[in-house]
Amino acid sequence: MQIEFKNVTHSYESNNPLSGLGLADVSCKIEDKAFTAIVGKTGSGKSTLVRHINALLKPTSGEIKVGDRVITPETNNKNLKPLRKQVGMVFQFPESQLFEDTVEKDIMFGPKNFGIPEEEAREAAHKMIKVVGLSEDYLDRSPFDLSGGQMRRVAIAGVLASDPETIILDEPTAGLDPVGRKEIMDLFKEQQQNGKTIILITHNMDDVANYAETMMVMHDSRLRAVGTPKDIFNDQDLLDKKLISLPQSAVFAQKLAKKNFKFESLPITINELTAEIKQQIHGE
Amino acid sequence: MKNIISMKNVTYTYPEAETHATDDISLDIQENEWVSIVGRNGSGKTTLTKLIDGLIDCDSGDIFIDGVKIDEDNIWDARKNIGIVFQNPDHQFVGATVEDDVAFGLENQGVQREDMIKRVDHALQMVDMQDYKKRDPQSLSGGQKQRVAIAGVLAIEPKIIIMDESTSMLDPDGRRTVLDLIQNLRKKQSLTVLSITHDIEETQLSDRIIVLKSGKIVKDSDPKGIYDLGPKLIDYGLEEPFTSLVADGLRDELGQEGYVNEEGLIDQLCKLNSKM
Amino acid sequence: MNKLILGRYLPGDSLIYRLDPRGKFLITFYFIGIVFLANNLVSYAFLLLFVFFAVYISKVSISFFIKGLRPMLWLILFTVMLQAFFTPSNHPIWHWAFLSLSKEGLVIAGYIFIRFILIIFISTLLTLTTTPIEISDSIESILKPLRVIKFPVSQVALMLSIALRFVPLLIDETIKIMDAQRARGVDFGEGGLIKRIKSFVPILIPLFVSSFSIAYDLAIAMESRGYKDGEGRTKYRILHWSKRDNITVVVMIAITVVLLFLRSYK
């Protein structure tokens, strides 16, 4: 399911605390089954952008195509369920959306809202709890008795259980420890390998380098660049304007480049970096 | 050097919990030290800081702050020596404006108003937030809110600052400014910093790292000693330092094990590159 | 949620902004009281003139006041209609069944309408130009005499100011939780009454949970910063009663006198 933005502008109401322009004339395509990362400073419009994909926000002008569904300023609030079933969304600190008295019921909540029969929803809950790395024993427990990290996993299971084709992630690993972070990121990479489209909002450039195939850079409500992480991180203009920061490997390579190393383009992952270093040391 | 914090055989168990949150912990922290406390979630890090600040009372053992054994009667005085910056910037902002929030701790101590005004201004200057004095917290970024929280702590002129995962909810810019600020403060004045963190970069700034697991101290050493643990760091809620990962990928070329810092690694690699 | 102007502060600076909030607070209530003294066109016109003058010197755009009327519009229209159609009269202009329209009825309806405008504009003026914390300071100051009967005035004032401080945060939290549940297929405006009420459960429970967790964190933070029980605290924020506040009081007395005089004007 391809997602396409055509000249999308969104302005918040004048009295809103976030007043002003949320998006300014954004046009782009997000490829089906790809892993796309969206980066940009806090308040640059990343969250506003993705909230248009499942019509939580509607454009002030322009249109968004999600598969064969078109969202315009005139789109009304009726009949959005099929769209929201296709586009799952994991919010920042998603554990705050839990409310049922058992983990199982909470995971089943989304699927049931989308009209999936009770039994199928239950099966999905049993399957997804394992996908997020918890055992089935957790299903009968209250979500409020779990640790923060476990609650996060339950919330993610609740989104995956509706079997969305596209999964939008708004800083899904914020506040987790490094191990938890890696496990969650690997989980979403695996979802992509199973045929899902992944859209990730993040501040972590190493995650972008390690997981994403496409990278979008937002700044002041505008989409400033789209490309592969390799190309974007090597775009001197974006770096000079401080619109992006670099992954650790690239920073390290820059330091080596000041000495006696030479990089045609900056390596962005550790594997690329060590491969480059080896090559230069062995004089090839 | 004198011990500013000293814990002797401290044990605490939460009501209805089956295991000890801190289990017979003994620990000395010296004046002006920057100590990182690491460990996976639930290892007892936050409990430890709450005990130090007397927010919970230990079941057994003694805690000394600046040489004084804390008990119910003197805990409010002991607290004047300690400031805590918590994880969620929104959940610790008491005042309606930046200056009101910074003044909160001073109001509690009954400081006279003229004195208060000076100390609020000075604290805001130290964190470079004086231009935001009249602003309301909702209009600030996460990093700015944490700087205000730090100003609120500095205003009471404590000897110890506890950072309870204070940077974990901030974006990279916010995290950077907060860490730079702490580093600069320590250059200007004597300040003991206790920082609970999962951030390897943050631990690199500290003098000493204490690793907790299931309420016990399992490692206590300078950063290098901890980083030498290599992949085992993951069990303690930390990732391996970036340089270790690079060195690991170049094991054959470097021919050595253990942690090297960035400067050392760059030197070694440059030497190797010029030999060839 | 963002359309509600009444109760919002608008940053700015003018004479009205600089008045002592205690004075502003009391004068607003006093003015609402004397609005009911007006009984004829001239007296209402006089009060309108005063309110528009106050709005003018506040330097706040009139559009904010008009927006402030909007949420109250139905209430106003309903009351005005009620007066217009149900005022008994011997000389109806038009009537049908139990409804009748008369000159007297229209005049009274007109007065009611003006009364609404006066009250809403003057209270909007108070909240637009006074920060919530100033209002809570004023309440604390006004309630001070109650200390005699052991009423915990400063604790209540702190509670009030913290509550005010957390309103925007809780609004953000509510919007976020609503978005999260909408993304999970909840439709808020759909179905019958029971279904609609039910659809709020997934909002209310998370909201309670996060309010409690915020309250817990805040309590710990306050205790760590040495907040005990309000005893022995000093105050950073103090209120200044100055000459311009005295002048305002004099103006209010003058208005009352003029108003009493205008009441007998035919």
Side-chain angles (χ1 to χ4, degrees), chain A residues 17-18 39-44 46 92-93 147-150 152 171 173-183 201-206 242 244-249 251-262 267 269-284, chain B residues 38-43 45 87-88 136 138-144 165 167-176 196-201 233-254 262-263 265-276:
Chain A
L18 305 154
V39 305
K41 296 228 159 65
T42 307
S44 58
K46 308 184 295 287
Q92 241 183 78
F93 302 100
S147 74
Q150 290 165 339
R152 172 95 43 114
E171 293 188 62
T173 59
L176 295 181
D177 68 25
V179 185
R181 213 164 63 211
K182 183 162 188 312
E183 283 171 3
I201 292 182
T202 185
H203 287 295
N204 187 322
M205 298 302 154
D206 290 300
K242 294 211 158 70
I244 48 167
S245 51
L246 287 174
Q248 294 187 73
S249 302
V251 175
F252 191 78
Q254 275 184 332
K255 286 176 185 162
L256 288 177
K258 282 189 188 140
K259 306 271 170 125
N260 57 1
F261 282 82
K262 257 190 155 155
T269 63
I270 289 189
N271 288 343
E272 278 180 37
L273 173 71
T274 50
E276 270 278 343
I277 293 173
K278 276 183 192 168
Q279 216 175 42
Q280 297 198 27
I281 289 176
H282 298 303
E284 282 161 37
Chain B
V38 305
R40 292 214 66 177
N41 292 331
S43 58
K45 307 180 301 279
Q87 181 178 24
N88 192 325
D136 79 293
Q138 224 56 23
S139 67
L140 305 179
S141 71
Q144 290 172 328
E165 296 193 42
T167 60
S168 71
M169 286 174 75
L170 305 181
D171 62 24
D173 287 346
R175 208 178 71 207
R176 194 70 264 151
I196 298 181
T197 183
H198 293 300
D199 181 17
I200 189 82
E201 208 187 322
L233 283 168
I234 290 167
D235 295 339
Y236 303 135
L238 279 179
E239 58 198 328
E240 285 187 71
F242 174 74
T243 48
S244 300
L245 294 172
V246 175
D248 202 40
L250 298 168
R251 213 179 303 125
D252 297 339
E253 284 75 15
L254 296 166
E262 190 178 79
E263 224 174 299
L265 184 61
I266 290 176
D267 277 353
Q268 284 189 34
L269 290 174
C270 289
K271 263 181 216 150
L272 281 171
N273 201 24
S274 53
K275 264 186 213 154
M276 295 288 158

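Computed from a prediction, not measured in an experiment: that's the story for all the values here. Protein chains get the first letters and strands the later ones, always in sequence-line order, with residue 1 at the start of each.
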Open item on the list: Need one label for S147(A): side chain, backbone, both or neither, based on atoms under 4.5 Å from any heavy atom in chain B.
Closed with: neither
Task: S245(A) portion near chain B, given a 4.5 angstrom heavy-atom threshold - done: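 Answer is neither: S245(A) stays 4.5 Å or more from chain B.
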- [ ] Select, from T274(A), N260(A), L256(A), I270(A), the one with the greatest count of heavy-atom pairs under 4.5 Å involving chain B.
- [x] N260(A)
Open item on the list: Looking only at heavy atoms and a cut-off of under 4.5 Å, which of R40(B), M169(B), E239(B) has the most pairs with chain A?
Closed with: R40(B)
Open item on the list: Measuring only between side-chain heavy atoms, which start at C-beta, is D171(B) closer than 4.5 Å to K41(A)?
Closed with: no
TODO: Report yes if the side chains of I281(A) and L269(B) come closer than 4.5 Å at any heavy-atom pair, otherwise no.
DONE: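 SC-SC contact between I281(A) and L269(B) confirmed.
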TODO: Counting only heavy atoms closer than 4.5 Å, note whether N88(B) contacts chain A via side chain, backbone, both or neither.
DONE: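 Neither part, no heavy atoms under 4.5 Å.
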TODO: Counting only heavy atoms closer than 4.5 Å, note whether D173(B) contacts chain A via side chain, backbone, both or neither.
DONE: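 It is the side chain, since no backbone atom gets that close.
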Rounded distance (nearest 0.5 Å) linking atom [atom1] of [X] with atom [atom2] of [Y]:
{"X": "Q150(A)", "Y": "N41(B)", "atom1": "CD", "atom2": "CG", "value": "10.0 Å"}
{"X": "Q248(A)", "Y": "E201(B)", "atom1": "CD", "atom2": "CD", "value": "7.0 Å"}
{"X": "R181(A)", "Y": "H198(B)", "atom1": "CZ", "atom2": "NE2", "value": "9.5 Å"}
{"X": "D177(A)", "Y": "I234(B)", "atom1": "CG", "atom2": "CD1", "value": "10.5 Å"}
{"X": "L272(B)", "Y": "Q280(A)", "atom1": "CG", "atom2": "CD", "value": "12.5 Å"}

- [ ] Name all residues meeting the ring-ring contact (aromatic ring centres under 6.0 Å, His included) criterion together with F242(B); count only those two or more places apart in sequence or in a different chain, and write none if there are none.
- [x]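 Partners of F242(B) under the ring-ring contact (aromatic ring centres under 6.0 Å, His included) test: F252(A).
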Open item on the list: If I compare all heavy atoms of G237(B) with all of P178(A), which pair ends up nearest, and what's the gap?
Closed with: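 Smallest interatomic distance, heavy atoms only, reads O-CD, 3.0 Å.
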Task: Residue list, side-chain contact (heavy atoms from CB on, under 4.5 Å) with E171(A), at least two apart or on another chain - done: Q92(A), A174(A), I201(A), H203(A)
